[in-house]
Each structure stands twice: as structure tokens, then as C-alpha cells.
2 protein chains.
Amino acid sequence: MSTKWLNYIVNKMKKTKDTSTETGILNAAKRVFIKKGMTGARMQEIADEAGINKAMLHYYYRSKELLFEAVFKNAFSMLAPKLNKVMNADVPLFKKIEDFTSSYISFVVKHPYIPTFVIQELNRNPDFVKNLVAEEHFPNIEVFKKQVEKCIENKTIKPINTEQLFINILALTIFPFIGAPLLMGFTRTNKKQYKDLMKQRKTEVAQFIINAIKV
Amino acid sequence: MSTKWLNYIVNKMKKTKDTSTETGILNAAKRVFIKKGMTGARMQEIADEAGINKAMLHYYYRSKELLFEAVFKNAFSMLAPKLNKVMNADVPLFKKIEDFTSSYISFVVKHPYIPTFVIQELNRNPDFVKNLVAEEHFPNIEVFKKQVEKCIENKTIKPINTEQLFINILALTIFPFIGAPLLMGFTRTNKKQYKDLMKQRKTEVAQFIINAIKV
DNA sequence: ATATAGTTTAACCAAATGGTTAATATTTGT
DNA sequence: ACAAATATTAACCATTTGGTTAAACTATAT
């Protein structure tokens, strides 16, 4: 019909590749996969979400497996580079911890299902992490490690294994979102109250970590 | 055949209800559901795992949904009462934190997939937590809250919101297991090395938490 | 304008899946 | 020993699901 032709020139003029079929599928797939997981998602549902015929999914991505992979890598690439950037920045350790927790919590508040999705699917298929580690922008904690060790020498912080500290920072930042439904139960809070807790956290977690390690 | 009859009296004599069909199904279902999740699990696979006909699953549990519910409640009942017991114990706060982290890490080392499973499925269906909260032995942090508030008055610990502290303890204890595949990637460790990290953690996490809050 | 290449759809298909049934075997109470 | 109740199985069934195909539609280059 004429609507399609109209859409075409409108897109051409706006230069909106965002609304092209291929990225439309990817975005729809992202929504569905993140909500239902690889095994729970249905190709038909993704097609409906994207407002196109199911055959298009296979036309652009060949199989459910490959479409899922595209979604997963896309989701992971939202998490990892941010982590890398902050961890490798040239700022003092305590400031770095503040920056990291604050900016990561902001991110997760905006995309609360991404960490859950990534961790869930990585548990389903742990071998998949090998592919990721090999990639260019996979986070590396070497710089952070040197920094922590120097702080220990300086007696700025108590002796601690860098890996443990790193795990602690990630745990305190990410877990409250992954475990939200459970934690809302334990703390008897509703959505709004829990959200307020998370807001409070954004400013307080860093201090908790710093208190734990400073001499 | 005679083997079945033999099995019957042997079970009767040993009083091993464990090997009865019904609990056999539950255990098989537990293994499969925990590994693959509700949507990824297949009824046939559960039947195979239990070594019985698929119709038996419906004979004893009616539907996949109900079988899953039985498994979930069973899994959850392994997590929750332990938590309740330690949190409500009549011991000083710092000792309580040590007891909790140590015993919980021991538990999770033995059953590493249980927290992941519970949290994953609770994310899939957050409303399910309502059922749980209503139940008798659902963890309650009131006692713990009183204790924390008293410690703050005493100036034994710095002021902190009890809910935040509770979330922090859980995060530091559970997240390293839920996020294991991802964290093994970030820290560039293999299974054995990561296991060693977890062993070290068992004695060190409590100190991390205590350092963070003590005045 | 027209042939060529790229895009989209409706209709299909085979395999997988949760669930049922009717017949058989086993256990139990008497 | 035997009838009633319970447990178990093989064969089915309807629906769902990922994936395919052939035809129609649209865009592009000459």
C-alpha cells in the first residue's frame, strides 16, 4: 500500500535506521528474550512484538539460536565496556569505588533486567563465557589490581585480595536488582519502598565498601 | 517380575520412602528443573531421570505447573528456615554475622544451584513471592532489626539502615555463586581457582562486613 | 520501462511437547 | 484366595513450536 512507500521515504529523510526491519527485530527480540529467557521466549511472540511476519526473523537471523546470540551480545555490550572504563580510569581508589557504584546503579535502575538476563543465560550455558572473555572489550581488572596493591602497600587500605574486593563491589551493586523479588519479600517492602531503598543505596554503598577496607 | 516384589519388601524393611515413586519423581524433577528452569525442562526428561513412565508424573502431580510448584517450594524450604534460624538466634551481632556467612556459604557450596534457581524463577514470576511471604516459616528480620538498632544506640556500630545491612549480607554471601560464570570470566579464574576463592571467602566476608559497620 | 535483486507474506510442515486413556500389573484388606 | 484399590505402562492425541517455501510485492540499476 501507499503507507509502506510513505514509510520508506520518511525513513530515508529522517535517516532512521532504527526503524528498519532488522533493528526492529533485534529490539523486539531483546524485550522478549530478556523478559522470558531463551527457552521461554517464542519466535511468534517476537514477531508480534516487532509487528512483522515470523518468516522475517529467519530471513534476517536464520534461527532462534542466532537471534538469541545477537541479543545476548548486544545486552552484554551494554554492561561490560562501562565496567572496563570505570575500573581502568586514572582516579584514586576511593573515588573510583564511588564512581563505579553510583554510575552502575544508575544504569541498572534504567535497565533492571539486563544483569539478571546475562547472569541467567550464562548459568544456563557457562561455556558461553569463553567466547566473551576472548573479545576485545571484555573487562580486565589488571589496572585495578595494581591500584589496590599499591593502596595496600601505602597502608591506605587493609590487606585484601583484589578478586575478593572486586566480587564484593559487584555483589553489593548488582545483587539487589537480581534478587529484588526475593528481597522485597524478606524486607516486607513494596515496589515503591524498595525503589527508595535502591535510591538510598546509590549514595551509601560506596561508603560501606570504603569503611570495610580503609585502615 | 520378582525384582519389583523384592524391591518392595526391601524398601519396607529399610523404611526408605526415598526410593518410592513419588519422591523419586520429586528428586528427578528437582534436578532437571534446577538445571533447566521451568520453561527449559521437559516432562520426558524428568521421567527418564526418574526411570519411570511419563504418565506417572501426571498421576502423582497432575501437571508440569504443579510438579514445578512442588519442586520450587521444596527448594525454597531448604533456603529459608536456615536463614530464619540464624537471624533470630540469641547471639551478639558480630558473631551472628560470622555464623550466618559461614554456614550459608557452606550450604551454597553443597547446593550451588538452589539460590540461582529460586531467584531466577522468582524473577520469572514475581507474584509467586506473595504466596511465600504468607507462609509460616518465611524469614522475618524483626529480631535482627531490633538487634541492629540496639547496636547503633550502643555505638557498637555506625548508623545503618537494617534493610540495607541485610541486603549487603545476602549480596556478599549469595551473589558470588549466582554470578559464578560471569565472575570467573572477570577474574580470569578456572573452576578450581574460583572454588579456592570461595573457600577463602567463607572466613573473610564476615570480617569485611564487620569492618564496614563497626565504629 | 523493464529486468534484477531484495523484502515480505500466507500457508505449510515435521518434530516436539504436555497431557490423556485404556488396558495391565501389583498391592492390600479380608 | 480373591476382590477392590492402587500403581504402571504403551499407545495416542491436540496443540505448540521452530523452521520452510513459493508466490507477491517493492526497490534499484540500466
(Q) Run A:F186 and B:L83 through side-chain contact (heavy atoms from CB on, under 4.5 Å) and show every step you take. (A) CA-CA 10 Å; A:F186 286 159; B:L83 202 155; 3.8 Å; yes
Q | Test log, rule side chain to side chain donor-acceptor pair (under 3.5 Å), inputs A:Q44 and A:D48 | A | CA-CA 6 Å; A:Q44 187 58 59; A:D48 293 345; 3.0 Å; yes
Q) Among side-chain atoms of B:R201 and A:N161, is any donor-acceptor pair under 3.5 angstrom? A)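 Distance-only check fails for B:R201 and A:N161.
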Q. Looking only at side chains, do B:Q164 and B:N168 share a donor and an acceptor under 3.5 Å apart?
A.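 Side-chain D/A pair, B:Q164 to B:N168: absent.
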Q.
Starting the side chain at C-beta, find the nucleotide from D:dG18, C:dT8, C:dG18 nearest to B:K64.
A.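 Closest of the options to the side chain of B:K64: C:dG18.
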Q: Please tell me which of the listed nucleotides, D:dT9, C:dG6, D:dG18, lies nearest to the side chain of B:I52?
A: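 Output: D:dT9.
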Q) Is the phosphate of C:dT8, meaning OP1 or OP2, less than 4.0 Å from a side-chain N or O of A:Y60? A)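 For C:dT8, OP1 or OP2 has a side-chain N or O of A:Y60 closer than 4.0 Å.
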(Q) Looking at D:dT8, I'd like to know if its phosphate oxygens (OP1 or OP2) sit under 4.0 Å from a side-chain N or O belonging to B:T21. (A)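 For D:dT8, OP1 or OP2 has a side-chain N or O of B:T21 closer than 4.0 Å.
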Give the rounded distance in Å between these two atoms: [atom1] of [X] and [atom2] of [N].
{"X": "B:M56", "N": "C:dT21", "atom1": "CE", "atom2": "P", "answer": "17 Å"}
{"X": "A:H58", "N": "C:dC12", "atom1": "NE2", "atom2": "P", "answer": "19 Å"}
{"X": "A:L57", "N": "C:dT8", "atom1": "CG", "atom2": "P", "answer": "12 Å"}
{"X": "B:Y59", "N": "D:dA5", "atom1": "OH", "atom2": "P", "answer": "12 Å"}
{"X": "B:L67", "N": "C:dG18", "atom1": "CG", "atom2": "P", "answer": "11 Å"}

**Q.** Side-chain ion pair, B:E121 and B:R124, N-O less than 4.0 Å
**A.**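 Salt bridge: yes.
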(Q) Counting C-beta onward and ignoring hydrogens, is there a side-chain heavy-atom pair between B:L165 and B:I209 closer than 4.5 Å? (A)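 Contact flag for B:L165/B:I209 side chains = yes.
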Could you list the protein-to-nucleotides 10-12 of chain D atom pairs, N/O on both sides, closer than 3.5 Å?
residue: D:dA10; atom: N7; partner: B:N53; partner atom: ND2; Å: 3.1

Q.
Any base atoms under 4.0 Å from B:Y61, or only sugar-phosphate, or nothing? Heavy atoms, all strands.
A.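 The answer is nothing, as B:Y61 stays clear of every strand by at least 4.0 Å.
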Q: Taking all non-hydrogen atoms of both residues into account, name the closest pair between B:F138 and A:G185 and its distance.
A: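 Taking every non-hydrogen atom into account, CE2-O, 3.5 Å.
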Q | For A:P81 against A:F76, the heavy-atom pair lying closest together | A |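 The pair with the smallest heavy-atom distance is CD-O, 4.3 Å.
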(Q) Quick one, A:F177 with A:Y113, criterion ring pair (Phe, Tyr, Trp, His ring centres under 6.0 Å). Give me CA distance, side-chain angles, the key distance, then yes/no. (A) CA-CA 8 Å; A:F177 295 89; A:Y113 295 109; over 10 Å; no
Q.
Please list, in numerical order, the residues of residues 33-50 of chain B that have a heavy atom closer than 4.0 Å to any atom of DNA chain D.
A.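 The stretch gives none, as no residue of it lies under 4.0 Å from the strand.
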